[in-house]
Amino acid sequence: MKISNGMEDKLLKPYDPKTTEERIYKLWEESGFFNPDNLPGDRKNPFTIIMPPVNANGSLHAGHGLVMTIEDIMVRYKRMQGFKTLWLPGLDHAGFETQVVYEKKLEKEGRTRFEMDPKELYKEILDFTLVNSKNIKSQIRKMGASCDWSREKFTLDENVVKAVYQTFKRMYEDGLVYRGNRIISWCSKHQTSFSDLEITDEERTDSFYYLKYGPFTIATSRPETKFGDKYVVMHPDDKRYQNYTDGQKIKLEWINGPIEATVIKDKMIDMEFGTGVMTITPWHDTADFEIAERHKLDKEQIIDENGKLLPIAGEFAGQHIKKARPSIIEKLQKKGLVVKIDENYKHVVRTCYKCGTVIEPQIKSQWFVKMKPLAEKALEKINNGEINYIPEHYKKITTYWLDNIMDWNISRQIVWGISIPAKICIECKHGMVDLENNISKCTKCGGRIIQDSDTFDTWFSSGQWPFITLGYPDNNDFKTFYPTDVMETGGDIIFFWVARMIMLGFYITGEIPFKTVYLHGMVLDAKSQKMSKSKGNVIDPLILTEQFGTDAFRMGVVVGNTVGTSLALSPDKIRGYKNFANKIWNAARFVLDNTKDYTIPENPKYDEEDAKSNKELKELMKEITKEMDEYKFYLVAEKLYHYFWHTFADIIIERSKKKILKNKNADSAKALLFTHLITLLKVLHPFIPFVTEEIWSMMPGKNKNLLMIEKWPS
RNA sequence: GCGCGGUUAGCUCAGUUGGUAGAGCAACCCGUUUACACCGGGAAGGUCAGGGGUUCGAGUCCCUUACCGCGCACCA
């Protein structure tokens, strides 16, 4: 056995990822083994991971680097273990997220979407995502991802849209989707409604105004919404107000003149807070809306969709609420209606998670998903332990959310997304699902109808991703690979995506879409700070792989990083693993050089210490296989690093030098070197696929497989 | 307000069912020997956030306090 010609020269230089990685990836891709249908042997048991579709609105960031690494480790491990392994890649149009990115681009160019033809805008964004997609796919390849490109999906693919429509229709018929005229969260900058998850609570210090409202003093932080307030609410048990009765009319002087107010008694009022009395603005406050619903009160819009005051505000009509407040207060003061102002009022304000604009609740007619029935089924499955959560505490977080779930507004007033296949009656606001486009008048009142111009919340479609990508219901892939094995994604989208996939997946297919949920933490910068463009501390994973090699990046991102905790990404750490790749390279050189003219027997005879080392390695294999099955990659990677360097290189190789030189127990030493190298290359492969595959290609032996399909030693 | 994490060496973090505290990086000393200076050998470094409890024994289990991070919430 000899080192094949030409390879010896290469081994004499340090390991060079740059000249290796692209070539090796091509070798893998051309082998066809990324596709489970092409894998050799009789593989009965499937192993499936659906890749979280990557947002096609930018390029790969550090978080993606972690995703690709962890999922590739799982997939390569299972492939080597003989599973029929599918890792299905995808790209996400990412609705609102992408539109926000594109709007920023427009802004820079001095344009705005509000002056564009929606079709034109859609086409521009589509082109934008197509360009990004191409780039992203090449970046995923650079990470070494062994996913099946032949099954790649995009969230706007025709059959995806079709499947989403089917789901929408089915839910409508089952009464799980309804058109509701309800209070929703509205961002006046982005001009769209949101679900509760797109809202960020922000703590602020504002002024708190105590105003004279007839015989009462009411307190508010938003005087600009108070123009139409004609109901004054207090707790039925509040002794201070026991002389006032429910429904009692009171004439009083208000901002723009005399009004007649009605007393309402409601237990929701907190007697301890403020003065224990408040007026309500049902159109622009969720709690007030509920009170109004409960008592069947009038609701009146005060603020329009741009955040400007409507004619009800009288002289202030047309002014933006932000600007109007001081002059409203001034007027109130002149009228003697301001009792006092507390300037250090700390409270929580709901804001748009993208732009920080204060959310203005509005009453609008939208599509909602009735969540309770869906959540109950999901809860049952989760509580039965049918889904394995890693880390486990995410289970509690999920069930808490499911226990307190609210109906989901899935209408978005943006163009970039899947349009909602429905007709809306302009007279009675009735909504009708219409996939075939054959409804011409309102089915309820016979009135005129229009096409719903809204698009779906992007999570409504991606919530169906696992079964759609596999071709539910008839495709063989669905029958073979569903339910999938692992859903690996970020803990930050546990409600947005994971919980909804469980609910929608179970609703449509009758099965939970995945058996294990593996949630990684945030990737932070070297100082453990959140990466952000404004801070300028964003680390591009591709720069690190360029500098130190993909293998080094992968090791650096895995070793010692317990699941779910955030990860500080430091170039120093990555550099350390570049050295590791080189160490492996040189150790391989030594082994190959010293076993050139040696043929390893089937059952090598070891001397005492070598036999002990051989046994130790076998024990290590057992240990790490168990840990791989427990998803403790952070431990396995560290152990392998340590064993390779400080046992194999420092002890076994050093020891072998004496034996081989003095030709004393040389055969034992050579056999041990050889078998150790082979075993270690195999188990290191899922972590550092490039350098191990490259060395493997230089190993002697005829009809050799690619390392990626070699059998995992256990 | 409620909930969930975290606090271990200078830094970043491991520590499986309780049994003499571990790694990487950094710093320190020495060293060119069949691979590798992207290296080898050696030494140093910790009241495991504070307090209390259970136990023969606690970094690990229980209670409590503080601080950091995150999530959820209709207190006007």
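First the proteins, then the strands, lettered A, B, ... as listed; each starts at 1.
In a base pair of the Watson-Crick type (N1 to N3 plus N6-O4 or O6-N4) or a G-U wobble (N1-O2 and O6-N3), with each distance short of 3.5 Å, B:G57 is matched with no nucleotide. Base pairing annotation: B:C67 forms a Watson-Crick or G-U wobble pair with B:G6, both donor-acceptor distances under 3.5 Å. Using N1 to N3 plus N6-O4 or O6-N4 for Watson-Crick, or N1-O2 and O6-N3 for G-U wobble, each under 3.5 Å, B:A43 pairs with nothing. Using the Watson-Crick or G-U wobble rule with both distances under 3.5 Å, B:C72 pairs with B:G1. Here B:U33 sits opposite no nucleotide as a Watson-Crick or G-U wobble pair (both hydrogen-bonding atom distances under 3.5 Å).
When the C1' atom is compared between B:U33 and B:G40, the two are found 9 Å apart, to the nearest whole Å. For B:C28 and B:G71, the C1' atoms lie 45 Å apart once the distance is rounded to whole Å. To the nearest whole angstrom, the two C1' atoms, one in B:C39 and one in B:U34, are 14 Å apart. The C1' atoms of B:G42 and B:C4 are separated by 45 Å, rounded to the nearest whole Å. Spacing of P atoms, B:A66 relative to B:G46, comes out at 30 Å, to the nearest Å. Between B:A37 and B:C30, the two C1' atoms lie 15 Å apart (nearest whole Å). Between B:G10 and B:G1, the distance separating the two C1' atoms is 39 Å to the nearest Å. Going from the P atom of B:G50 to that of B:A58 covers 15 Å, rounded to whole Å.
Evaluation of the salt bridge (charged side-chain N to carboxylate O under 4.0 Å, His left out) test over residues 624-637 of chain A, restricted to residues two or more places apart or in two chains, returns A:K626-A:E630, A:E627-A:K639, A:E630-A:K632. Pairs of residues two or more places apart, or lying in two chains, that qualify as salt bridge (charged side-chain N to carboxylate O under 4.0 Å, His left out) and include a residue from residues 210-229 of chain A are A:R222-A:E224, A:R222-A:E360, A:E224-A:R325, A:K226-A:D229. Sequence neighbours left out, the pairs with a member in residues 549-559 of chain A that pass salt bridge (charged side-chain N to carboxylate O under 4.0 Å, His left out) are A:D72-A:R554.
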Tabulate protein N/O versus nucleotide N/O from nucleotides 66-73 of chain B, keeping only pairs under 3.5 Å, one per line.
unit_1 : atom_1 : unit_2 : atom_2 : d
B:A73  : N7     : A:D201 : OD2    : 3.1

What protein N or O atoms touch nucleotides 7-13 of chain B N or O atoms at under 3.5 angstrom, if any, and at what distances?
unit_1 : atom_1 : unit_2 : atom_2 : d
B:C13  : O2'    : A:G560 : O      : 2.8

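Residues passing the salt bridge (Lys or Arg N to Asp or Glu O under 4.0 Å) test with A:K583: none are found, sequence neighbours excluded. A:S668 meets the side-chain hydrogen bond (donor to acceptor under 3.5 Å, both in side chains) test with A:D610; sequence neighbours excluded. Contacts of A:E654 classified as salt bridge (Lys or Arg N to Asp or Glu O under 4.0 Å), with partners at least two apart in sequence or in another chain: A:K657.
For the OP1/OP2 pair of B:C25 and a distance below 4.0 Å, the side-chain nitrogens and oxygens of A:Y577 include no atom meeting the criterion.
Salt-bridge annotation for A:E609 and A:R655: present, with a side-chain N of the basic residue lying under 4.0 Å from a carboxylate O of the acidic one. Under the 4.0 Å criterion applied to side-chain N and carboxylate O atoms, A:K299 and A:E293 are assigned as salt-bridge partners. Under the 4.0 Å criterion applied to side-chain N and carboxylate O atoms, A:K18 and A:D16 are not assigned as salt-bridge partners. Using a cut-off of 4.0 Å between Lys/Arg side-chain N and Asp/Glu carboxylate O, A:D667 and A:K659 are scored as not salt-bridged.
Looking at A:S193 and A:N409, their side chains do bring a donor and an acceptor atom within 3.5 Å of each other.
For A:K657, the side-chain atoms get nearest to B:U34 when compared with the rest of B:G24, B:A76, B:U34. The side chain of A:H393 lies closest to B:G5, out of B:G5, B:C74, B:A35. Here B:C36 is the nucleotide among B:C36, B:C39, B:A76 with the atom lying nearest to any side-chain atom of A:N582.
To the nearest angstrom, C1' of B:G40 lies 13 Å from CG of A:N586. Atom CG in A:D597 sits roughly 13 Å away from atom C1' in B:U34 (whole-Å rounding). Look at CG on A:D551: it is 19 Å from P on B:C38, rounded to the nearest Å. To the nearest angstrom, P of B:U34 lies 17 Å from CG of A:N663. We find that CZ of A:F216 is positioned 20 Å from P of B:A76, with the value rounded to whole Å. What separates CG of A:L519 from C1' of B:G5 is a distance of 14 Å, to the nearest Å. A straight line from NZ of A:K578 to P of B:A37 spans 12 Å, rounded to a whole angstrom.
Surrounding NZ of A:K265 are more than 12 heavy atoms belonging to other residues, nucleotides or ligands, all under 6.0 Å away.
Less than 4.0 Å separates RNA chain B from at least one heavy atom of each of the following residues of residues 266-277 of chain A: A:M268, A:I269, A:D270, A:F273, A:G276. Contacts between residues 218-225 of chain A and RNA chain B, defined by a heavy-atom separation below 4.0 Å, involve A:A219, listed by number. The stretch residues 646-655 of chain A touches RNA chain B through A:H646, A:A649, A:D650, A:I653, A:E654, each having a heavy atom under 4.0 angstrom from the strand.
At a threshold of 4.0 angstrom between heavy atoms, the contacts of A:F580 with the nucleic acid are absent. When heavy atoms are screened at a 4.0 angstrom cut-off, A:Y634 is found touching the sugar-phosphate backbone but no base atom. Counting non-hydrogen atoms under 4.0 angstrom, A:K632 reaches nothing in the nucleic acid. Residue-level contact check: A:L661 touches the bases, meaning some heavy atom is under 4.0 Å from a base atom. Within 4.0 Å of A:I660, counting heavy atoms only, lies at least one base atom of the nucleic acid.
Looking only at distances, no side-chain donor or acceptor of A:H284 sits under 3.5 Å from a matching main-chain atom of A:T225.
For the pair A:I312 and A:Q301, the minimum side-chain heavy-atom distance is 4.5 Å or more. Side-chain atoms of A:D246 and A:I264, non-hydrogen and from C-beta on, do get closer than 4.5 Å to each other.
Taking each heavy atom of A:L197 and A:F496 in turn, the nearest pair found is O-CZ, 3.3 Å.
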Side-chain donor-acceptor contacts of residues 568-577 of chain A below 3.5 Å, not counting sequence neighbours, with atom names and distances?
unit_1 : atom_1 : unit_2 : atom_2 : d
A:S570 : OG     : A:D572 : N      : 3.4
A:S570 : OG     : A:K573 : N      : 3.2
A:D572 : OD1    : A:R575 : NH1    : 2.6
A:K573 : NZ     : A:G556 : O      : 3.2
A:K573 : NZ     : A:V559 : O      : 3.0

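Side-chain to base pairing of A:D593 with B:U34: no donor and acceptor N or O lie closer than 3.5 Å to each other. Donor-acceptor pairing under 3.5 Å, judged by distance alone, is present between the side chain of A:K583 and the base of B:C36.
Figure legend: cation-pi geometry between A:K395 and A:Y389 absent, as NZ or CZ is not positioned both under 6.0 Å from the six-membered ring centre and within 45° of its axis. The cationic group of A:R182 lies under 6.0 Å from the six-membered ring centre of A:F368 and within 45° of the ring axis, placing it in a cation-pi geometry.
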